[in-house]
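Report on the structure given below.
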There are 2 protein chains.
Amino acid sequence: MNERQALVSFGALSQQTRLQIVRMLVIAGPTGMPAGVIAESLEVSPSNVSFHLKELERAGLITQQRESRSIIYSADYEALGSLVRFLMEDCCGGHPEICAPAAAVAACCAPLAEGKCQ
Amino acid sequence: MNERQALVSFGALSQQTRLQIVRMLVIAGPTGMPAGVIAESLEVSPSNVSFHLKELERAGLITQQRESRSIIYSADYEALGSLVRFLMEDCCGGHPEICAPAAAVAACCAPLAEGKCQ
DNA sequence: TCAATAATTCAAGGATTGTTGAAATATGAA
DNA sequence: TTCATATTTCAACAATCCTTGAATTATTGA
């Protein structure tokens, strides 16, 4: 993740509908969600959701794949991970006090994989 | 950190000059930097840097304090930490694979305090 | 007080972004 | 083929954001 990509990613996440889409897709997991279902869930018009999906794809935060008549969108976990990392390294650099709360989440996050947390 | 604050913060970081300002201020540490020095370092006009500083302050990512004729700006470590945390919790929720790279940074970050890393 | 320094505010203009509804494209079923 | 479904694309307009330079405010020193 370079500065250019980070700027586009931050821009993509700075809009309510788009942030909500990312949230939904992360929760939805690898299965993803069709554009229409996303639009319905968020009560946004199809053309509007399409606009925002394109923006998120441009930022590389989500991917698409056609499945019959539907187009399924999924969160790109790797890209999201890279963004978190960029923010931590860039803003943390030499300043662990910024990282501290993140470290707490991370500490909880790893054990999650084995069902040890929450 | 709620959604509203996160949106504003992401918006603040989605502009090159502002991202560079935050970087500089994080590196500068608690001492901070006067507006004029920031403007000179980034080769941006005083009025333009002032515009971006105001934007970053509105997002709560930096703070200001007057020191004689200068106005000193500093990074708000707590706010930055909260933002990282928001991104991790919001985007990580149930998906440790996103957190993994962040956890690696965090693991390196904590020991930094005791000079054990890098 | 007057001048110099440091920074902000303001207005104007251009650039980018977001919203809307209508038209177009792609797919699958009758 | 024809129709219905799922989605995107497009054009137009509104809203927001960014940049610029001139004017303004605040502080200090002569």
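Chain A is the first sequence line, chain B the second, and so forth, proteins listed ahead of strands; every chain is numbered from 1. Bear in mind the structure is a predicted one, so any value in this text is a computation, not a measurement.
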Under 4.0 Å protein heavy-atom contacts per nucleotide of nucleotides 24-30 of chain C, with B for base, S for backbone only and - for none: ---BB--
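- By the 4.5 Å heavy-atom criterion applied to side chains, A:H52 and A:I21 are counted as neighbours.
- Considering B:S74, B:S70, B:S41 in turn, B:S41 is the only one that fulfils the side chain to side chain contact (heavy atoms under 4.5 Å, CB included) rule with B:M33.
- The shortest heavy-atom contact between A:Y77 and A:G29 is OH-CA, 3.2 Å.
- Among the protein residues, B:Q15 comes within range of the sugar-phosphate backbone only, with heavy atoms under 4.0 Å from sugar or phosphate atoms but none that close to a base.
- In this structure, CE of B:M33 is placed 15 Å from C1' of C:dA6, rounded to the nearest angstrom.
- Of the inter-residue distances, the one linking B:Q5 atom CD with B:S82 atom OG reads 8.0 Å to the nearest 0.5 angstrom.
- Running 5' to 3' along DNA chain D, contacts with non-hydrogen atoms of chain A at under 4.0 Å begin and end at D:dA4 to D:dT9.
- Taking all atoms of both residues into account, the shortest heavy-atom contact from A:Q16 to B:L7 is N-CD2, 3.6 Å.
- Between B:V22 and B:L56, the shortest heavy-atom distance links the atoms CG2-CD2, 3.7 Å.
- Within the 4.0 angstrom heavy-atom criterion, no nucleotide atom of any strand lies near A:S45.
- For the pair A:I72 and A:T31, the minimum side-chain heavy-atom distance is 4.5 Å or more.
- Between A:H52 and C:dT17 there is no side-chain N or O to OP1 or OP2 distance below 4.0 Å.
- Overall, the helix from C:dT1-D:dA30 to C:dA30-D:dT1 carries an axis bend of 10° between its ends, with five pairs at each end and the value rounded to 10°.
- A salt bridge is defined here as a Lys NZ or Arg NE, NH1 or NH2 lying under 4.0 Å from an Asp or Glu carboxylate O, and B:E3 with A:R23 meets this definition.
- Side-chain contact between B:I38 and B:L25 is present, with at least one heavy-atom pair separated by less than 4.5 Å.
- Across B:A35 and B:L53, no two heavy atoms sit closer than the pair CB-CD1, 3.9 Å.
- Within the nucleic acid shown, B:S70 comes within 4.0 Å of sugar-phosphate atoms alone, with no base atom in reach, counting heavy atoms only.
- Using a 4.0 Å cut-off between a side-chain N of Lys or Arg and a carboxylate O of Asp or Glu, B:E55 and B:R58 qualify as a salt bridge.
- The CG-P distance, from B:L53 to C:dT8, rounds to 6 Å in whole Å.
- By the 4.5 Å heavy-atom criterion applied to side chains, A:F10 and A:L83 are counted as neighbours.
- The distance from atom CG of B:N48 to atom P of C:dG14 is 18 Å, rounded to the nearest whole Å.
- In this entry the distance linking CD of B:E40 with C1' of C:dT5 reads 13 Å, nearest Å.
- Residues A:G11 and B:F51 each lie close to DNA chain C; by heavy-atom proximity, the contact nearer the 5' end of the strand is made by B:F51.
- Residue A:T17 is classed as having no contact, given no heavy-atom separation below 4.0 Å to the nucleic acid.
- A straight line from CD of A:Q20 to C1' of C:dG18 spans 15 Å, rounded to a whole angstrom.
- Rounded to whole Å, the distance from CD1 on B:I38 to C1' on C:dT8 is 14 Å.
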